[in-house]
2 protein chains.
Amino acid sequence: MLGGVRGRRSLPVIGQPQPERADAARNRQKIIEVAAKMIAESGAEGLSLDEVARVAGVGVGTVYRRFGDRAGLVLALIDERERQFQSAFFAGPPPLGPGAPAGERIVAFLHALIDRIVAQQELFLVLEKGGKTNRFTGPYRVHHIHLATLIAQACPEVDARYLADALLAPVNACLIAFQREERGMTVEEIKSGLTALAGAVTG
Amino acid sequence: MLGGVRGRRSLPVIGQPQPERADAARNRQKIIEVAAKMIAESGAEGLSLDEVARVAGVGVGTVYRRFGDRAGLVLALIDERERQFQSAFFAGPPPLGPGAPAGERIVAFLHALIDRIVAQQELFLVLEKGGKTNRFTGPYRVHHIHLATLIAQACPEVDARYLADALLAPVNACLIAFQREERGMTVEEIKSGLTALAGAVTG
DNA sequence: AGTCTAATCGGAGAGTTCTCCGTTTACCAG
DNA sequence: CTGGTAAACGGAGAACTCTCCGATTAGACT
């Protein structure tokens with residue numbers, strides 16, 4: 001089929017994917033709404049994609065084509081709040097946004113991330129156990145780049161890329177849930193432990 | 001049923017559970033062998049407990065009663081090597097075992113842990129995605145206590161318990177797989193990054 | 001050996017996840 | 001409006017995980 005016309009008849013613009021078809025967009029929206037409502041009512045743990053599909057009035061296939069799997073759907077839900085969060089640390093007021101010294105921004109960022117995870121713990125738990133959709137997709141990459149940049153500013157001689165991974169690693173829903181539920185730690189204790197670690201790193 | 005005789009007729013010794021019944025022990029052994037062989041042949045990813053049961057010649061119920069779920073079975077496989085590992089850092093030669101300064105033991109321990117995870121990556125990946133059996137059970141607790149003890153020795157004024165979690169967090173199969181496969185990092189790079197972090201912590 | 005009891009067994013079955021592919025639909029060009 | 005095409009739909013079905021509970025059996029005691 002070399003040279004054959006592929007896709008729409010109008011010239012395909014490289015790197016700019018076609019807009020979603022109207023029915024597809026409608027269905028995606030509906031699925032997200034239904035999933036959000038079902039989770040709000042009965043938790044993310046036992047969320048059945050089968051049921052989401054039924055309630056949303058689409059076939060199961062549609063849900064899977066759109067989101068890949070449970071984790072993918074959950075990631076889409078998380079993404080909604082993620083955008084606000086990203087604009088807060090890219091362009092919001094200090095110490096989270098630009099304007100404060102890098103060291104303070106690092107701490108503010110990590111604290112905000114912890115709050116975010118605590119607030120949507122169930123969602124993040126599902127994401128982390130995800131099947132094909134792994135947790136290092138999407139938001140993680142952005143967090144990593146942001147944090148690595150700040151670390152490099154605060155402390156140029158270290159391996160900022162690795163340290164960013166290492167500081168993000170303890171900020172995961174699974175560990176935080178364990179620390180709070182089994183170890184009886186409070187969110188404040190977790191934050192202050194992480195602050196100490198960040199302080200040691202940036203020197 | 002208060003005061004009624006429960007279990008075997010001989011006095012039950014508190015805290016010392018009855019030995020496993022012979023058939024139960026035989027089945028457990030057989031299941032573990034079969035699972036190990038199947039994983040060696042075709043990877044841990046697509047391991048089906050249904051098939052394990054069939055090949056081992058037991059019912060599915062038996063597998064689940066014994067190991068709880070996929071992650072539980074995998075944990076049992078991991079446990080076999082775990083014992084050697086534990087005796088190495090509890091009683092083996094330095095720097096992993098006792099005799100070296102705490103700071104060096106910490107680094108040796110973390111490196112050994114990384115090697116261990118790299119060697120059994122697939123198994124650990126399954127464990128971390130586990131259903132009910134979570135990864136902070138069993139071995140994790142031992143590692144945590146050991147590391148926290150060393151940290152407290154090296155550096156008494158810090159929150160050793162939290163820092164132990166934080167140093168163990170980047171040593172997980174999921175992250176390491178990502179770093180190696182997607183980021184192209186080598187095991188050596190990961191180790192040296194972690195060494196730097198441990199150094200910063202223990203001052 | 002015979003009895004008894006609790007632990008163990010095992011497989012049917014309910015509930016999910018995810019795939020495959022024939023059918024339908026949106027939307028562009030003419 | 002009509003026709004054509006790629007994308008989207010949807011549900012049957014394959015495969016898996018895990019539960020439940022009546023049947024079976026190991027092992028202690030007599």
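Naming: A, B, ... by sequence-line order, numbering from 1 per chain.
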Restricting to side chain to side chain contact (heavy atoms under 4.5 Å, CB included), what partner residues turn up for B:Val34, sequence neighbours left out?
B:Lys30, B:Met38, B:Val52, B:Val55, B:Ala56
Quick one: which residue pairs count as a salt bridge (Lys or Arg N to Asp or Glu O under 4.0 Å) with a foot in residues 41-54 of chain B, not counting sequence neighbours?
none
Return each pair, listed once, that meets side chain to side chain donor-acceptor pair (under 3.5 Å) where at least one residue sits in residues 66-84 of chain A; pairs must be two or more places apart or across chains.
A:Glu20-A:Arg66, A:Asp69-A:Thr133, A:Glu82-A:Gln86, A:Glu82-A:Arg116, A:Glu82-A:His143
Output every pair passing side chain to side chain donor-acceptor pair (under 3.5 Å) with a member in residues 168-186 of chain B, not counting sequence neighbours, ordered by first then second residue.
A:His144-B:Arg183, A:Asp165-B:Gln179, A:Asp165-B:Arg183
Of the candidate nucleotides D:dA26, D:dA8, C:dC27, which contains the atom at the shortest distance from the side chain of B:Arg21?
D:dA26
Nearest-Å distance for atom pair CZ/C1', residues A:Arg54 and D:dG11:
13 Å
Gap between atoms CG and P, on B:Leu73 and D:dT17 respectively (whole Å):
11 Å
Is any side-chain nitrogen or oxygen of B:Lys129 closer than 4.0 Å to OP1 or OP2 of D:dT17?
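Answer no for this pair, as no side-chain N or O of B:Lys129 is under 4.0 Å from OP1 or OP2.
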Of residues 57-72 of chain A, the positions that come close to DNA chain D - non-hydrogen atoms, cut-off under 4.0 Å
A:Val58, A:Gly59, A:Val60, A:Gly61, A:Thr62, A:Arg65, A:Arg66
So which of residues 27-52 of chain A are in contact with DNA chain D, with a heavy-atom cut-off of under 4.0 Å?
A:Asn27
Going by ring-ring contact (aromatic ring centres under 6.0 Å, His included), name the pairs with one or both residues in residues 39-74 of chain B, residues two or more places apart or in two chains.
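Matches after skipping sequence neighbours: none remain.
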My understanding is that only residues two or more places apart in sequence, or in another chain, count here; which of them pass side-chain hydrogen bond (donor to acceptor under 3.5 Å, both in side chains) with B:Thr137?
B:Asn134
Taking side-chain hydrogen bond (donor to acceptor under 3.5 Å, both in side chains) as the test, write out the residues that go with A:His111, two or more places apart.
A:Thr195
Contacts of B:Arg26 and B:Lys132 projected onto DNA chain D by closest heavy atom; the upstream (5') one is B:Lys132
Would you please classify the geometry between the A:Phe89 ring and the A:Phe109 ring as parallel, tilted or perpendicular, with 30° and 60° separating the classes?
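A:Phe109 and A:Phe89: perpendicular rings.
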